[in-house]
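Beneath this line is the structure, given in structure tokens, with notes to follow.
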Amino acid sequence: MSYQLSEGSLEIIMNGGQYDKPIMQVLGSKKIQGSGANERFRLLVSDGKHSHSFAMLATQLHDKLITGELSDYSVVQIDRFITSLLKMTGKGEKRVMIILDLTIIAPGSQVGKTLGTPKTWSEETASSKPQPQQAPKQNHAPAPMSMPKPVPAPANLDSSILNSKMTHPIASLSPYQNKWVIKVRVMSKSPIRTWSNAKGEGKLFSMDLCDESGEIRATAFKNECDKFYDMIQVDNVYYISRCSLKTANKRFSTLKNDYEMSFTPETVVAECTEDTSSMPGIQYDFIPINKIADKDPDTILDVIGVCKFASDMQELTAKSTGRLLKKREVTIVDSSGGAVVLTLWGNEAESFDTNGNPVIAAKGTRISEFNGSKSLSCLNSTVLRFNPDMPEAHALRGWYDNGGADLDVVNISAKVGGYSGGSNEWITFAEAESRQLGSGEKGDYYSMLGVLTFTFSDNAVYKACPQEACNKKLVDQENGLFRCEKCNREFPNYKYRILLAANVSDPTGDQRVTAFNESAEVMLGRSADEIGRMFEYDKSGYSQLFDDVKFKTFVFKFRAKMETYSDETRLKTTVINAQPVDYKEGNARLLKSIKSMTGVDV
DNA sequence: CCCCCCCC
């Protein structure tokens, strides 16, 4: 078996030229710094003619080396790379190649030897030769850069860096080398946050930056926070230089970078005003909503869905910190048939506009679990986009507007048992529907303020087994005796019980419900015994009773569950409890609700 | 230099 390496490609690349997907051989690898998360590997690669050891492996490819998939003598196709000129202390410049993506063509064990007789490539070799120029193509090479007017002061910029007409890839940044300019897109920007602890107090904001080679978080404290907060805008591209780098604490960052940066008083930021379309935008890795249920709590993920329902904004005080929080729960659906609640906080909760069922793309939301059901919660670093101009969003819009809106969905955030939210919160029929209450195995309970709009008097009362624990309907033997099939006994006596079918309405909808004896007695305002007697001896009083209760308001507790009768599955809602309204309590709830909707203290 | 990401 013979392998064809891209002879001469190294020379072109190391002189700053372009070469599309060169085939090279790995001859060695060396860990150059750190351990664990700080690991970085340098590779010795050969194109058969030359070899050089200034190739670095992007961190996301480390696994290939660690698992041995990539080893000495492996033949690889370098699918994506960038080169970067690094200033070496006292040694001029050195070009390094950062391998961003590769395909293994043959494992090292299979190749087993050095191909060709590569000579060590050196800077001298490079400078002694004319710069080979392949026709520019694709976007592999460092983009030629014309520096915009530096902001705020040109004197702050290292002119040698700027004049080098190149920028450094994020993947090449390290604490050991501070002369660089990066050209980055801002993926997200946190709100300004203040802190106060034993070491002092201050304020900060952080931003997540990306370029072709990777991503990194930058934080601006105190003066720099004030200086740059307004200038830095999400989605814009900036040239940034003179930050300090330190090891990132993986506990607090999910970015794929071993380092993070802090702005310093010397930091210079200049907006890139040229065409930035070649710069990567925000990269999403969307998970279908129905797959979220299988993921562990605290997983960070990207999701896109159509807003089917949004709660009003609520204000609440965090018990632990005493902080005033604003939150809004948005239920999103996608064509996977899943629905999930996404919780927005702060300004995003406040300004969210539910009109038109917007498509929401969210990058970096976190799964939270409460009372056994999962939902998504936004973090400060979460990127939210409403109706973004992207294929996934257009596809979802089309799906939703052409029937998707009416499809049944499984809401993975549906409450599992217990009263809704474990609280005595009053919800509406619309919310019950949106939360998919009743779709689970166990049935769901919720409370609401509802109006009894109709009660069905037919078959509302029946003669039940007189045994205390048995309420079975008796069969009239027509001989003065009544038979209970359950107790397998005949009785001369019976007790009346109510089984009431009714309609309940609220401002958002209505629902056919069934009420059993105790709650039906409350709704009708008479005992089952009285109602039974009226049924037997006072037909007009009996029907008047059912008329009289129309439009009475109650606080209901319902149990909702899907049930199937003769091949037809429908939501069955049972009255667990009905109580007359305590208007003092009811008004307190309304005031609270008005306050949360308007922010007005009433 | 932060490291909180909330609540039911």
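What you see below is based on every heavy atom in this structure, not just the backbone, and it leaves out hydrogens, waters and symmetry mates. All values reported here derive from a predicted model rather than from experimental measurement.
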**OP:** Give every residue pair that meets the ring pair (Phe, Tyr, Trp, His ring centres under 6.0 Å) criterion with at least one member in residues 182-221 of chain A, sequence neighbours excluded.
**Re:** A:W195-A:F221, A:F205-A:Y229
Subject >> ring pair (Phe, Tyr, Trp, His ring centres under 6.0 Å) contacts in which one or both residues fall within residues 329-369 of chain A, not counting sequence neighbours >> reply: A:F352-A:F386
**OP:** Please state how far atom CZ in A:F252 lies from atom P in B:dC2, giving the value in whole angstrom units.
**Re:** 10 Å
**OP:** Assign A:E260 to base, sugar-phosphate, or nothing according to its heavy-atom contacts below 4.0 angstrom with the strands shown.
**Re:** base
Original post:
Given atom CG of A:L324 and atom P of B:dC4, what is their separation to the nearest angstrom?
Top reply: 21 Å
Subject >> Ionic contact status for A:K246 with A:E260, cut-off 4.0 Å >> reply: yes
Subject >> Phosphate OP1/OP2 of B:dC2: any A:W195 side-chain N/O under 4.0 Å >> reply: yes
Original post:
Quick one: A:F205 CZ to B:dC1 C1', roughly how many Å, whole number?
Top reply: 15 Å
Subject >> Under 4.0 angstrom between A:R193 side-chain N/O and B:dC3 OP1 or OP2 >> reply: yes
Original post:
Of the nucleotides B:dC5, B:dC1, B:dC3, which one has an atom closest to the side chain of A:R366?
Top reply: B:dC5
Subject >> Minimum-distance nucleotide to A:L325 side chain [options: B:dC2, B:dC8, B:dC6] >> reply: B:dC6
Subject >> Value in whole Å for how far the C1' atom of B:dC6 lies from CG of A:D298 >> reply: 13 Å
Original post:
Checking all strands, does A:S377 fall into the base, sugar-phosphate, or nothing category for heavy-atom contacts under 4.0 angstrom?
Top reply: sugar-phosphate
Original post:
Base, sugar-phosphate, or nothing: which does A:R251 touch, judged by heavy atoms less than 4.0 Å apart?
Top reply: nothing
Subject >> Distance-only polar pair, side chains of A:S375 and A:S368, donor-acceptor under 3.5 Å >> reply: yes
**OP:** Check the distance between B:dC3's P and A:Y259's OH and give it to me in whole angstrom.
**Re:** 24 Å
Subject >> Separation of atom CG in A:N380 from atom C1' in B:dC2, rounded to whole Å >> reply: 11 Å
Original post:
To the nearest angstrom, how far is A:R323 atom CZ from B:dC5 atom P?
Top reply: 9 Å
Original post:
Using centres under 5.5 Å plus planes under 30 degrees as the test, is A:F221 stacked with B:dC2?
Top reply: no
Original post:
Heavy-atom count around A:K256 NZ within 6.0 Å, excluding the residue itself: above 12?
Top reply: no
Subject >> Value in whole Å for how far the P atom of B:dC5 lies from CG of A:L204 >> reply: 14 Å
**OP:** For A:N249, answer base if it contacts any base atom (sugar-phosphate contacts may also be present), sugar-phosphate if it contacts only those atoms, and nothing otherwise; contact means non-hydrogen atoms under 4.0 Å.
**Re:** nothing
Original post:
Just checking A:K246: base, sugar-phosphate only, or nothing, at a heavy-atom cut-off of under 4.0 Å?
Top reply: base
